[in-house]
Amino acid sequence: MRFLRYGPEGAEKPGVLDGAGRIRDLSGVIADISGPAIADLAWADGLEIESLPAVDSAQRLGACVAGTGKFICIGLNYADHAAESGLEVPPEPVIFMKATSAITGPNDNVIIPRGSVATDWEVELGVVIGKKAKYVDQAEALDHVAGYCVVNDVSERDFQARRSGQWTKGKSCDTFGPIGPWLVTRDEIANPQNLKMWLTVNGVTKQNGTTETMVYGVSYLVSYLSQFMTLHPGDIISTGTPPGVGLGFKPPQYLKPGDVIELGIEGLGTQKQMVVAD
């Protein structure tokens, strides 16, 4: 299934796409697409989607998951992206956190923060946890995944690399975490390590990659992270980006007000954001 959340910011309702790609209202079935709902999808068994109320397709889409407790990101997880960044592939996954306050809808504006000189883009595969995971073996890791989504890991490189300390300050600005449009359940994606992914700025292709070239795959990451922290339903893991980020160009190319970012991952839908100044 392809779950989503629609409506004004802060007042989103749960929805699901029917076979024709139309939004159907789930608010009579569940309260929201959040940890409690995706922890046990028994309520969706036998759900007659076509009988649910139809929703105007012009509705704003919110982040496809509500109430995310942890927004965990993996750095340098594509060897070719590490190379363009001038960095070595790490011997273990690089982990950093992105503030949940950065989460926005897939088509909401991306706001360049005050003082920014290097706001950048990153298309990434998002993994949404559906079952509590603690000390999970890799062979069982995918059993703890509810589904997948598109993430734009928007980054301010100057804040991230030149302002001292950890990467979090360059990753957590408001609107730096567009999520969605859909949470696509795990049964819909046969192999998360074989998905094409792309990103354009003003119609010009910047990133054109595949999850096949990840250094550390989804099952490894879920297992690895669960050795250090308990993963809870609704937590999101953003798994890294292929080459083509603005930092990697010579000279670097960064976002400016008026730019339009479009991105997508095979089977998971697309996003489109207008870039605006704070």
Side-chain angles (χ1 to χ4, degrees), residues 1-45 47-71 98-111 123-130 146-154 172-186 188 232-236 238 260-265 267-276 278:
M1 291 185 178
R2 292 172 289 174
F3 296 118
L4 55 92
R5 300 172 63 249
Y6 68 92
E9 183 176 0
E12 293 91 347
K13 295 180 179 181
V16 63
L17 289 189
D18 66 17
R22 295 170 298 208
I23 300 174
R24 299 284 180 161
D25 179 32
L26 275 174
S27 58
V29 181
I30 54 171
D32 208 345
I33 305 297
S34 59
I38 62 178
D40 183 0
L41 290 171
W43 57 267
D45 292 342
L47 185 66
E48 296 182 2
I49 294 176
E50 307 294 335
S51 68
L52 296 171
V55 175
D56 182 359
S57 61
Q59 288 269 4
R60 169 191 172 270
L61 295 181
C64 59
V65 183
T68 294
K70 292 190 289 295
F71 195 172
K98 200 174 182 87
T100 56
S101 57
I103 294 175
T104 60
N107 304 316
D108 291 343
N109 290 341
V110 165
I111 301 172
V123 59
E124 304 200 1
L125 173 67
V127 178
V128 182
I129 298 300
Y148 306 97
C149 63
V150 181
V151 175
N152 188 356
D153 177 20
V154 185
S172 296
C173 303
D174 293 347
T175 75
F176 272 25
I179 304 293
W182 316 317
L183 165 57
V184 180
T185 52
R186 184 165 52 90
E188 298 272 345
H232 294 277
D235 286 350
I236 298 171
S238 198
V260 176
I261 314 166
E262 296 184 74
L263 59 149
I265 298 178
L268 303 182
T270 62
Q271 300 184 356
K272 183 176 182 179
Q273 296 116 22
M274 173 72 76
V275 179
V276 300
D278 187 286

Heavy-atom pair of closest approach, residues [X] and [Y]:
X	Y	result
A102	C173	CB-O, 3.4 Å
I111	F176	O-CE1, 3.5 Å
P106	P181	CG-CA, 3.7 Å
G180	C64	CA-SG, 3.9 Å
K272	V260	CE-CG1, 3.7 Å
D25	S27	OD2-OG, 2.7 Å

How about [X] and [Y]: do any of their side-chain heavy atoms sit closer than 4.5 Å?
X	Y	result
I38	I33	yes
L17	I23	yes
E12	Q59	no

**Report entry** Test side-chain contact (heavy atoms from CB on, under 4.5 Å) applied to T175 and V154, step by step
**Finding:** CA-CA 8 Å; T175 75; V154 185; over 6 Å; no

Requested in this report: Keeping to residues at least two apart or across chains, list the ring pair (Phe, Tyr, Trp, His ring centres under 6.0 Å) pairs with something in residues 7-45.
Outcome: F3-W43

Passing option when [X] is tested against [options] for side chain to side chain contact (heavy atoms under 4.5 Å, CB included):
X	options	answer
F71	D153, D235, T100	T100
Q273	T104, N109, V110	V110
L183	V128, V16, L268, L4	V128

Report task. Could you walk me through whether K98 and I103 pass the side-chain contact (heavy atoms from CB on, under 4.5 Å) test, one step at a time? Result -> CA-CA 9 Å; K98 200 174 182 87; I103 294 175; over 6 Å; no

Requested in this report: Walk me through it: do L52 and D18 pass the test side-chain contact (heavy atoms from CB on, under 4.5 Å)?
Outcome: CA-CA 9 Å; L52 296 171; D18 66 17; over 6 Å; no

Query raised in the report: Is the closest basic N to carboxylate O distance between E48 and R24 below 4.0 Å?
Result: no

Report task. May I ask you to say whether D32 pairs ionically with R5, meaning some side-chain N is under 4.0 Å from a carboxylate O? Result -> yes

Report task. Assess whether atom CD of E188 is packed by more than 12 heavy atoms of other residues, nucleotides or ligands within 6.0 Å. Result -> yes

Query raised in the report: Partners of Y148 by side-chain hydrogen bond (donor to acceptor under 3.5 Å, both in side chains), sequence neighbours excluded?
Result: none

**Report entry** With T68 via side-chain hydrogen bond (donor to acceptor under 3.5 Å, both in side chains) - residues at least two apart
**Finding:** none

Query raised in the report: Quick one: does T185's side chain have a donor or acceptor within less than 3.5 Å of a partner on M1's backbone?
Result: yes

Query raised in the report: Just checking, any donor-acceptor pair under 3.5 angstrom between side chains of Q271 and N152?
Result: no

**Report entry** Step-by-step side-chain contact (heavy atoms from CB on, under 4.5 Å) determination, L125 to I265
**Finding:** CA-CA 7 Å; L125 173 67; I265 298 178; 4.1 Å; yes

